[in-house]
Amino acid sequence: MHLLKQLAKKLKQEVSTVYLVSIDPRVPWYARLLAVIIVAYAFSPIDLIPDFIPILGYLDDLIIIPLGIGLILKLVPSHILSDCRERAKLQQFHNKPTNWVAAGIIVVTWVLLGVWLALVVKNFLT
């Protein structure tokens with residue numbers, strides 16, 4: 001149980017690091033884009049596989065997020081990554097940033113995806 005708490009704390013700190021990577025202008029655009037996608041997925045209340053489905057519901061979170069974080073950490077230059085990690089450590093003692101624009105984009109994206117999926121299903125059934 002202690003090991004799981006340590007892993008969860010490390011993952012939480014890495015997600016904070018990835019958030020900082022996503023807003024750092026020194027990071028290449030493709031790494032920033034991937035960082036935005038991973039952070040949005042990590043904090044989105046909607047998953048590819050809903051959490052209420054036994055085992056598979058949490059499996060996507062346990063695979064997608066760590067793999068995405070690992071890929072981002074490989075794409076970001078080491079000096080920028082260490083700077084972002086230091087800022088993430090400092091932020092855990094202060095208030096976390098609130099980005100309402102990013103939250104709005106996430107909500108709009110999921111709503112549009114839901115509307116599109118409903119239209120596809122409607123056309124398929126008729």
Side-chain angles (χ1 to χ4, degrees):
M1 188 67 165
H2 183 66
L3 178 63
L4 287 176
K5 285 184 180 181
Q6 285 179 329
L7 287 173
K9 184 178 178 182
K10 177 75 173 162
L11 184 61
K12 185 178 176 181
Q13 185 173 348
E14 291 294 3
V15 169
S16 295
T17 300
V18 170
Y19 167 75
L20 293 172
V21 162
S22 73
I23 61 172
D24 194 320
R26 301 174 294 171
V27 176
W29 69 270
Y30 51 87
R32 288 176 62 191
L33 178 63
L34 182 60
V36 166
I37 291 169
I38 293 299
V39 169
Y41 186 78
F43 290 115
S44 174
I46 302 171
D47 292 335
L48 291 176
I49 303 172
D51 289 342
F52 64 83
I53 297 174
I55 300 172
L56 292 177
Y58 292 107
L59 194 59
D60 68 330
D61 292 335
L62 293 173
I63 294 174
I64 293 172
I65 295 172
L67 283 178
I69 289 173
L71 181 58
I72 292 164
L73 298 180
K74 299 267 189 232
L75 293 173
V76 177
S78 60
H79 68 282
I80 297 173
L81 188 59
S82 63
D83 181 44
C84 290
R85 279 193 174 129
E86 287 301 315
R87 289 189 293 153
K89 285 180 188 177
L90 291 174
Q91 270 189 357
Q92 75 186 27
F93 298 110
H94 302 292
N95 291 334
K96 301 216 178 347
T98 304
N99 191 335
W100 292 107
V101 173
I105 291 171
I106 292 168
V107 169
V108 167
T109 301
W110 283 111
V111 167
L112 290 175
L113 183 62
V115 169
W116 174 78
L117 185 60
L119 290 173
V120 168
V121 169
K122 180 183 172 189
N123 288 335
F124 181 74
L125 294 176
T126 56

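Numbering of residues begins at 1 and proceeds along the displayed sequence.
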Side-chain heavy atoms nearer than 4.5 Å, only ILVMFWY residues, links allowed to pass through others: does that put W110 and L119 together? no
Between atom CZ of R85 and atom CG of L20, what is the distance when rounded to the nearest 0.5 Å? 11.5 Å
Is it possible for you to say whether V27 and V36 belong to one hydrophobic cluster, with membership spreading through side-chain heavy-atom contacts below 4.5 Å? no
Cluster question for you: counting only ILVMFWY and a side-chain heavy-atom cut-off of under 4.5 Å, with indirect links fine, are L112 and Y41 together? no
Check whether any side-chain heavy atom of V21 lies under 4.5 Å from a side-chain heavy atom of I80, and answer yes or no. no
Establish whether V115 and V108 are linked, either directly or via other cluster members, by ILVMFWY side-chain heavy-atom contacts under 4.5 Å. no
In this structure, CG of D83 is separated from CZ of R26 (nearest 0.5 Å) by 4.5 Å
Measure across D24 and R32 and return the closest heavy-atom pair with its distance rounded to 0.1 Å. O-CD, 3.2 Å
Measuring from atom CD1 of I64 to atom CD1 of I37, what distance do you get when rounded to the nearest 0.5 angstrom? 12.0 Å
If two hydrophobic side chains count as joined below 4.5 Å and joins carry through other members, does Y30 share a cluster with I23? yes
Compare every heavy atom of I72 with every heavy atom of A35, then report the nearest pair and how far apart it is. CA-CD1, 3.3 Å
Working to the nearest 0.5 angstrom, can you tell me the gap between S82 OG and R87 CZ? 10.5 Å
Reported NZ-to-CG distance for the pair K74 and L34, which is rounded to 0.5 angstrom: 13.5 Å
Hey, could you give me the CG/CD1 distance between L33 and I38, rounded to the nearest 0.5 Å? 10.0 Å
Against T109, only a single residue in V107, L113, V111, I105 fulfils side chain to side chain contact (heavy atoms under 4.5 Å, CB included); can you say which? I105
Between I65 and I69, is a side-chain contact (heavy atoms from CB on, under 4.5 Å) present by the stated rule, with each step listed? CA-CA 6 Å; I65 295 172; I69 289 173; 3.7 Å; yes
